[in-house]
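Reckoned from all heavy atoms, side chains included, excluding hydrogens, waters and symmetry mates. Quantities reported herein were computed from a predicted structural model and do not represent experimental measurements.
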Amino acid sequence: MNATSGPKSVGALLLCRADPPAVRPPARLLGEHLLLVPAGPGWSVLVPEGKPWLHGGEPVEQVVTGWATALAVPAATWPVVALWWDRDRAGLTLASGFRRTVGYTWLADGTPVGEDEAMRTFAARLALDPVLDVQALEPLTAPDPEADAHSRLVGIVAVLARAGLALPTGLVPGDHADRLRSVALAQGAEQIEGAAWRDAVRAELDAVEGGPLGPYLRGPRARVLGGAQLLAGVPLLLWGAGRRSGGWATAGALLVAHGALGLAYDRFRER
């Protein structure tokens, strides 16, 4: 690939390190039309159906960084890699929980304009191999007259493939957005639409309850936990208040509050 080809369109892909059922609820909260496709064990890809960067005046990089951050924060347990490109540049943005996003950019001709430290942080947060995968990423940050921005993004996908990512056939970063949507639909993509507020909240609660903490948020275990917190918190609160110990009183109050909220939540969700 020569140095002058580069991306000729504007587009993006959101690579989520989670299965589609986990990605679906936060994706609906974005309020955008997206296509959701499985992308290997423990991976999913979101393909934008619309082109908000053409209508809202914001660059594609800024739009997808906001999307990636919004997707990753509710999950906190799985990261999102946003690959984006326009006629002048291409790059990646990694969002993971509440940590600051990490990004790297190339000019259309493939010239790196990012910091090497950002790519090392990228590898560390995705738990990539600190030797083999980091060595595979290093050429992507070095000048190469034969590598344009498109091939840099393809190189990122190749490294992530070592971590299980398997993009559907024909879904290639740097392609025209319309072609990406056509390929995703041909692969049986699920259409994700923005949910109403009530539906979005319900979907998010269902996702949380379906996770490891679910049994402690709703059901018998949740009721036992809430009751135990009340039983421990009430006497601790009274004891701390009687001895004018603000620390113990605060601890007791927190236990009481957690217990009461837990029982109330379980009852609310049961209804």
Which pair of heavy atoms, one from Leu46 and one from Ala27, lies closest together, and at what distance? CD1-CB, 4.1 Å

Using a 4.5 Å cut-off on heavy atoms from C-beta on, say whether the side chain of Val64 contacts that of Leu13. no

Are side-chain heavy atoms of Trp84 and Val63 found at a separation under 4.5 Å? no

Not counting sequence neighbours, which residues clear salt bridge (Lys or Arg N to Asp or Glu O under 4.0 Å) with Glu61? List them please.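 Here the qualifying residues are Arg89.
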
Listed partners of Glu190 passing salt bridge (Lys or Arg N to Asp or Glu O under 4.0 Å), at least two apart: Arg24

Sort and list the pairs that fulfil salt bridge (charged side-chain N to carboxylate O under 4.0 Å, His left out) and have at least one residue in residues 125-143, not counting sequence neighbours. Asp133-Arg162

Pairs meeting criterion salt bridge (charged side-chain N to carboxylate O under 4.0 Å, His left out) with involvement of residues 91-100, two or more places apart: none

In chain order, what residues pass the ring-ring contact (aromatic ring centres under 6.0 Å, His included) check against Trp106, with sequence neighbours excluded?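 Once residues adjacent in sequence are excluded, the partners of Trp106 under the ring-ring contact (aromatic ring centres under 6.0 Å, His included) criterion are Tyr104.
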
Tell me, please, which residues at least two apart from [X] pass side chain to side chain contact (heavy atoms under 4.5 Å, CB included).
{"X": "Val183", "value": "Leu171, Arg179, Gln187"}
{"X": "Pro38", "value": "Pro20"}
{"X": "Thr101", "value": "Thr65, Thr69, Thr93, Ala95"}
{"X": "Ala136", "value": "Val159"}

Under the rule for side-chain hydrogen bond (donor to acceptor under 3.5 Å, both in side chains), what residues qualify as partners of Gln135, not counting sequence neighbours? none

Which residues pass the side-chain hydrogen bond (donor to acceptor under 3.5 Å, both in side chains) test with Thr105, not counting sequence neighbours?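 Not a single residue meets the side-chain hydrogen bond (donor to acceptor under 3.5 Å, both in side chains) criterion with Thr105.
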
Counting distance only, does the side-chain N/O of His150 pair as donor-acceptor with the main-chain N or O of Pro173 below 3.5 Å?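 Present.
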
List, by chain and number, the other hydrophobic cluster members for Val154, where Ile, Leu, Val, Met, Phe, Trp and Tyr join if side-chain heavy atoms come within less than 4.5 Å, directly or indirectly. Val172

